[in-house]
There are 2 protein chains.
Amino acid sequence: MPAKTIPSRNSAAVEDYLERILELINTKGYARVVDIATSLAISQASVTNMVQRLDGEGLLQYEKYRGLVLTTAGETLARNIARRHQLLTDFLKLLGVDDRVIEHDVEGMEHHISPPTLRAIEALTNQLKRRPSLRARLK
Amino acid sequence: MPAKTIPSRNSAAVEDYLERILELINTKGYARVVDIATSLAISQASVTNMVQRLDGEGLLQYEKYRGLVLTTAGETLARNIARRHQLLTDFLKLLGVDDRVIEHDVEGMEHHISPPTLRAIEALTNQLKRRPSLRARLK
DNA sequence: ACTCGAAATTAGCCACGGCTAATTTAGTTG
DNA sequence: CAACTAAATTAGCCGTGGCTAATTTCGAGT
């Protein structure tokens, strides 16, 4: 059995990067530094920096000037982040929150929702989906 | 009409400080640097620093070695923050999330919930309160 | 009034995650 | 195949918000 990876809490920034990288790979087939930078509205230099860090943390494999791919660990993590993002978006959508506000708030809060809380919100969302009368009462 | 205050986005840190300061004032009648530090689990030096900044931003009045009081602006802001915190806590409580998890998650996410989202969650919470059968379905 | 300990402050440091400017690389194109 | 341009990288900077260590202030008690 190989050495365990140190837990190393993932910062909100790390999660944001992974989320966008996965999204780019899913939609374009690859994630270049310039695309990540544009998507996150930050400079290419900042992206290069972070990508090197994520490589060091084993979340992606990166070759200078060549490109990057997510590792298994990185992809698994990114998928979980994306799923959490989608769940929160669906939830707020059901509550009738405006799309712009949803986007803004989810981007902020998603990094702070633990698995148990997420499961609870998921259960609630599912109930809400099959109770249009209840949803109507929320306006 | 006096000069308008510059919007100046309040950081999560600023909100945390104001929240604790109001809580201390409400429970002990005053908020000393040492109490704020203990409550936030950070050093007294960090608190002194931030308190000076909050004074500069007009959220509290601070006199070296003497103490501090919230300004009207600071108190109003702190009350809104506290209310948002309570609302989120109540909501997750109704969902059956564990108290420890609630505390942790609310502390993280509270700073990212905008007023419209908060209102939507409030409305939902109120419906949930009068539907024990629905609540039961969430377990 | 003095002393002494707790509280507060200052000075100087650090990591994070941004930035710009300058440089290097790679790929396309004439 | 040489040159040009877009992409990427490096170097060096900045603000935020923590920290420790050293110093200063305050106030209580003898």
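Chain A is the first sequence line, chain B the second, and so forth, proteins listed ahead of strands; every chain is numbered from 1.
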Can you sort out the partners of [X] under salt bridge (charged side-chain N to carboxylate O under 4.0 Å, His left out), two or more places apart, ordered by chain and number?
{"X": "B:Arg32", "value": "B:Asp35"}
{"X": "B:Arg131", "value": "none"}
{"X": "A:Asp55", "value": "none"}

Can you name the side chain to side chain contact (heavy atoms under 4.5 Å, CB included) partners of [X], sequence neighbours left out?
{"X": "B:Ala45", "value": "B:Ser43"}
{"X": "A:Arg66", "value": "A:Glu63"}
{"X": "B:Asp98", "value": "B:Arg100, B:Val101"}

**Request:** Measure across A:His111 and A:Arg84 and return the closest heavy-atom pair with its distance rounded to 0.1 Å.
**Result:** CA-NH2, 3.8 Å
Could you tabulate the donor-acceptor pairs under 3.5 Å formed by side-chain atoms of residues 17-25 of chain A, not counting sequence neighbours?
unit_1: A:Glu19; atom_1: OE2; unit_2: A:His85; atom_2: ND1; d: 2.7
unit_1: A:Arg20; atom_1: NH1; unit_2: A:Ser39; atom_2: O; d: 2.7
unit_1: A:Arg20; atom_1: NH1; unit_2: A:Ser39; atom_2: OG; d: 2.8

**Apart from A:Tyr65 itself, residues in the same hydrophobic cluster as defined by side-chain heavy atoms under 4.5 Å** = none
**Message:** At a heavy-atom distance below 4.0 Å, what parts of residues 39-47 of chain B sit against DNA chain C?
**Reply:** B:Gln44, B:Ala45
**Item:** Within residues 16-36 of chain A, residues whose heavy atoms come under 4.0 Å of DNA chain C
**Value:** A:Tyr17
Using whole Å, what does the distance between atom [atom2] of nucleotide [N] and atom [atom1] of [X] come to?
{"X": "A:Leu54", "N": "C:dC16", "atom1": "CG", "atom2": "P", "value": "13 Å"}
{"X": "A:Tyr62", "N": "D:dA7", "atom1": "OH", "atom2": "P", "value": "15 Å"}
{"X": "B:Leu68", "N": "C:dT9", "atom1": "CG", "atom2": "C1'", "value": "14 Å"}
{"X": "A:Glu63", "N": "D:dT9", "atom1": "CD", "atom2": "P", "value": "11 Å"}
{"X": "B:Asn49", "N": "C:dG12", "atom1": "CG", "atom2": "P", "value": "14 Å"}

**Prompt:** Between the side chains of B:Glu122 and B:Asn126, is a donor N or O closer than 3.5 angstrom to an acceptor N or O?
**Reply:** no
**Complete:** Sorted by chain and number, sequence neighbours left out, ring pair (Phe, Tyr, Trp, His ring centres under 6.0 Å) with B:His112 holds for A:His112
Nucleotide N/O of nucleotides 22-28 of chain C paired with protein N/O under 3.5 Å:
none

